[in-house]
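Reviewing the structure listed below.
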Amino acid sequence: MSSAPDILADAVERALRSAVGAENAGPAIIRPCADPKFGDYQANGVMALAKRLGQNPRALAEKVIAELQFSDVSEPPTVTGAGFINFRLTPSFVTRQIAAATNDERLGVPTVAQPKTVVIDFSSPNVAKPMHVGHVRSTIIGDCLARVLRFLGHRVITDNHLGDWGTQFGMLIIGWKRFRNDEALQQDAIGELERLYKYVNDHKELRDDAKAELVKLQQGDAENHEIWQKIIDLSMQEFSKTYQRLGVSFDHTLGESFYNPMLKDVVEELKRLNLARESEGAMCIFFEDNPELKKTSPLLIQKADGAFLYGTTDMATLKCRIDQWHPDEIVYVTDARQQLHFKQVFAAARKWWEKPPDLRHVYFGTILGEDGKPLKTRDGTPVKLADLLDEAEERALSVVTEKNPTLPLVERQQIARAVGIGAVKYADLSQNRTTDYVFSWSKMLAMNGNTAPYMQYAYVRVQSIFRKAGATKADIATVSLEHAAELDLAKHILRFPETLHAVAEDDKPNWLTGYLYDLTGKFSAFYENCPVLQSAEPTRSSRLLLCRLTADVIKRGLNLLGIEVIEQM
RNA sequence: GCGCCUGUAGCUCAGUUGGAUAGAGCAUCGGAUUUCUAAUCCGGCGGUCGCGUGUUCGAGUCACGCCAGGCGCGCCA
């Protein structure tokens with residue numbers, strides 16, 4: 001089943017080739033019309049092409065129209081304005097597509113013709129430190145992208161690049177040996193580890209001892225290695241709880257330490273290839289040939305004292321992933337402040353490999369408090385992710401209780417979990433990820449607007465119709481789209497595939513939330529104007545079918561965002 | 001000092017890569033309920049898209065220059 005824009009693009013591009021020749025033709029660029037009065041889709045590529053070829057855009061549009069061949073997808077296209085080609089889908093086409101989507105578990109979304117292998121590197125918390133709000137965006141966005149790409153049929157490998165190595169372990173080990181409180185450790189492992197770190201860090205007289213412990217660890221001392229491993233295990237137990245609450249999982253958790261044995265060879269290799277050279281005692285990769293990076297400082301891969309840095313680990317990680325998985329793309333989901341670093345790593349990769357994978361830094365802005373400054377607790381420390389999720393569930397519970405006090409507590413708690421966690425995720429994913437955003441409980445838990453509760457409630461309303469309708473086999477119905485609201489809703493349902501492709505193309509989950517918000521808006525118009533249960537057959541069944549499909553798209557859409565639906569609120 | 005990002009309604013944000021008359025939610029004002037869950041829906045008000053110059057059939061979107069804010073700039077990650 002091909003979607004309308006695919007069919008139209010194909011037809012327009014064929015017409016373009018015959019109008020201006022294959023070597024001059026360009027993409028059709030089919031986009032939704034700005035205003036429905038013009039139609040459903042327009043071909044923006046034709047005007048752009050006319051400009052490039054120095055032709056009159058209107059004349060070219062007319063020429064294309066004359067050459068266009070497609071079946072009954074669209075009414076005869078029209079040319080308006082400067083040379084817009086407008087298409088309006090025929091009701092019969094929409095009806096057919098809706099029927100096909102109804103009988104399709106994938107809701108009309110085809111898998112891609114050429115699946116890619118995509119590695120997604122996200123979350124990456126630091127061992128012995130609590131996950132805080134800074135990790136929430138990476139985790140949620142990375143998980144969402146993984147879900148979308150998988151659904152589209154790509155081979156996705158998710159990897160949690162844990163911060164499990166570094167100078168902090170010297171301090172942790174000395175703290176562990178001398179100041180550990182086992183009871184505290186049992187109750188709140190990460191809290192205790194954090195205390196130990198701070199304690200040692202605050203006591204300068206311990207610095208040399210910490211350094212010595214670090215050296216022992218690096219040289220493979222058995223006792224220190226055991227402590228190090230214990231610290232990782234304890235931390236992972238905590239992280240796992242959070243991932244479970246978030247419904248996030250990974251194919252691999254290969255932390256920085258995994259690449260330790262390779263660092264020396266990587267540096268040697270980069271030296272051998274003349275990609276790295278010594279400068280001021282350190283081993284560096286310079287980018288003189290890169291206009292964007294030539295003036296920046298180099299990428300350091302070995303310090304003057306011989307120690308390695310995160311640039312080294314990143315290069316080793318890259319090599320390892322390429323050798324093992326042969327990916328077509330590697331996606332790094334980290335905050336925007338690391339842009340320069342990744343530009344350098346990517347540039348280094350292009351020096352190292354003739355054809356490296358498509359390397360993408362999917363960066364995101366900072367979560368700000370209502371005061372416009374990075375979100376902090378009252379005492380100025382970063383907000384812990386677990387506390388944030390607790391509060392989300394608590395707030396959701398009180399909202400649910402207010403609305404539906406007679407519901408058993410267990411059920412209300414279940415709903416509150418889905419709503420609370422969903423609200424946090426949705427708030428994050430509905431923002432354009434590249435910019436900072438202001439965190440607000442009241443906005444993310446609002447029943448109005450582009451929020452998780454609104455979306456979940458829309459789903460509940462549809463489910464409620466089905467409960468009232470009794471056992472209904474909506475799938476035996478024939479669709480007929482007579483009311484304008486029905487047709488409008490149906491057309492929007494059919495835009496689900498193109499939306500997912502856009503999300504995957506630009507790594508922008510907020511296009512999916514925007515789509516779902518529009519969908520619920522169209523459903524509202526339908527819900528207000530088109531009675532379902534009171535209608536006579538066959539309208540009743542046809543409308544039930546639209547309801548079913550709407551609910552399925554909402555459910556699938558939220559699922560791809562990592563958000564659960566509930567049956568009642 | 002150099003570089004990157006951001007600046008859109010009173011507030012919080014969209015804006016599909018150069019397309020038609022710039023959109024939502026909140027706030028504010030007004031309307032709808034013998035209901036399919038009102039945690040709802042519909043409408044009004046609200047804009048010099050930071051400022052300026054340019055590119056062209058067309059600019060919130062591209063280029064250049066200012067202004068303001070954030071972030072980053074060799075041995076942390």
Side-chain angles (χ1 to χ4, degrees), chain A residues 29 31-35 37-38 42 44 47-48 50-51 56-58 80-84 86 124 126 163 165-168 256 279-284 292-293 295-305 307-311 313-314 334-341 343 363 365-366 368 370 372-374 399-400 402-404 430-432 434-438 440 442-443 445-451 453-454 456-458 460-469 498-499 501-503 505-506 508 510-511 513-514 517-518 521 524-525 527-528 530-534 543 547 568-569:
Chain A
I29 312 184
R31 294 279 180 265
C33 286
D35 189 322
K37 80 181 178 203
F38 296 117
Q42 60 190 42
N44 287 346
M47 278 188 289
K51 180 172 200 149
N56 180 314
R58 254 200 103 98
T80 55
F84 295 94
N86 303 307
S124 311
N126 289 318
W165 195 254
T167 46
Q168 77 271 27
E256 292 168 346
S279 162
E280 296 173 31
M283 198 53 67
C284 306
E292 196 185 0
L293 298 174
K295 286 165 79 179
T296 67
S297 50
L299 178 67
L300 264 68
I301 56 170
Q302 190 169 24
K303 302 204 281 188
D305 65 4
F308 304 115
L309 305 93
Y310 78 135
T313 314
D314 279 346
T334 83
D335 69 271
R337 288 174 302 190
Q338 297 188 43
Q339 279 180 92
L340 177 61
H341 172 70
K343 275 180 188 165
Y363 58 87
T366 309
L368 307 174
E370 310 255 10
K373 286 188 273 196
V399 170
V400 174
E402 198 181 320
K403 157 74 176 167
N404 218 337
S430 59
Q431 304 285 322
N432 180 331
T434 59
T435 51
D436 296 349
Y437 83 93
V438 176
S440 159
S442 62
K443 286 191 177 87
L445 285 165
M447 267 315 296
N448 267 321
N450 195 6
T451 67
Y454 179 83
Q456 289 165 320
Y457 179 60
V460 164
R461 284 171 101 184
V462 191
Q463 291 310 95
S464 172
I465 293 177
F466 281 95
R467 270 198 300 278
K468 277 253 163 62
E498 63 200 69
T499 301
H501 281 108
V503 171
E505 186 65 30
D506 280 358
K508 292 214 165 165
N510 67 310
W511 286 347
T513 60
Y517 185 51
D518 289 342
S524 284
Y527 188 86
E528 295 291 316
C530 304
V532 177
L533 298 177
Q534 289 96 324
R543 287 182 176 169
C547 288
Q568 55 176 336
M569 286 175 83

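Just so we're clear, the structure is a prediction, and the values are computed from it rather than from any experiment. Letters A, B, ... are given to chains in the order of the sequence lines, protein chains preceding strands, and every chain is numbered from 1.
Using N1 to N3 plus N6-O4 or O6-N4 for Watson-Crick, or N1-O2 and O6-N3 for G-U wobble, each under 3.5 Å, B:rG47 pairs with nothing. Base pairing annotation: B:rC2 forms a Watson-Crick or G-U wobble pair with B:rG72, both donor-acceptor distances under 3.5 Å. Across all strands shown, B:rA22 forms no Watson-Crick or G-U wobble pair with both distances under 3.5 Å.
A sub-4.0 Å separation between OP1 or OP2 of B:rU12 and a side-chain N or O of A:Ser442 is absent. Taking only side-chain nitrogens and oxygens, A:Lys295 never comes nearer than 4.0 Å to OP1 or OP2 of B:rC73. Contact between the side-chain N/O atoms of A:Asn432 and the OP1/OP2 oxygens of B:rG15 is found at a separation under 4.0 Å. Between A:Trp165 and B:rA77 there is no side-chain N or O to OP1 or OP2 distance below 4.0 Å. When the side-chain nitrogen and oxygen atoms of A:Asn448 are compared with OP1 and OP2 of B:rA39, none of them lie within a distance under 4.0 Å. Checking the phosphate oxygens (OP1, OP2) of B:rA38, a side-chain nitrogen or oxygen of A:Arg461 falls inside 4.0 Å.
Residue A:Asn510 is in sugar-phosphate contact alone, with no base atom involved, counting any heavy-atom pair closer than 4.0 Å across all strands shown. Residue A:Asp518 is out of contact with every strand shown, counting any heavy-atom pair closer than 4.0 Å. As judged by a 4.0 angstrom heavy-atom cut-off over every strand, A:Thr296 is placed among residues making no nucleic acid contact.
B:rC57 and B:rA20 have their C1' atoms separated by 12 Å, given to the nearest Å.
The separation between A:Tyr527 atom OH and B:rU33 atom P is 16 Å, rounded to whole Å.
Closest to the side chain of A:Lys403, out of B:rU6, B:rA39, B:rC41, is B:rA39. Here the nucleotide nearest the side chain of A:Gln339, chosen from B:rC5, B:rA77, B:rC57, is B:rC5.
Stacking of the aromatic ring of A:Tyr454 onto the base of B:rA39 is not found under the criterion of centres within 5.5 Å and planes under 30°. The aromatic ring of A:Tyr517 does not sit over the base of B:rA24, since the test of centres under 5.5 Å and planes under 30° is not met.
Note on ring orientation: taking the six-membered ring where Trp is involved, the planes of A:Tyr454 and A:Tyr517 are perpendicular (angle over 60°, cut-offs 30° and 60°).
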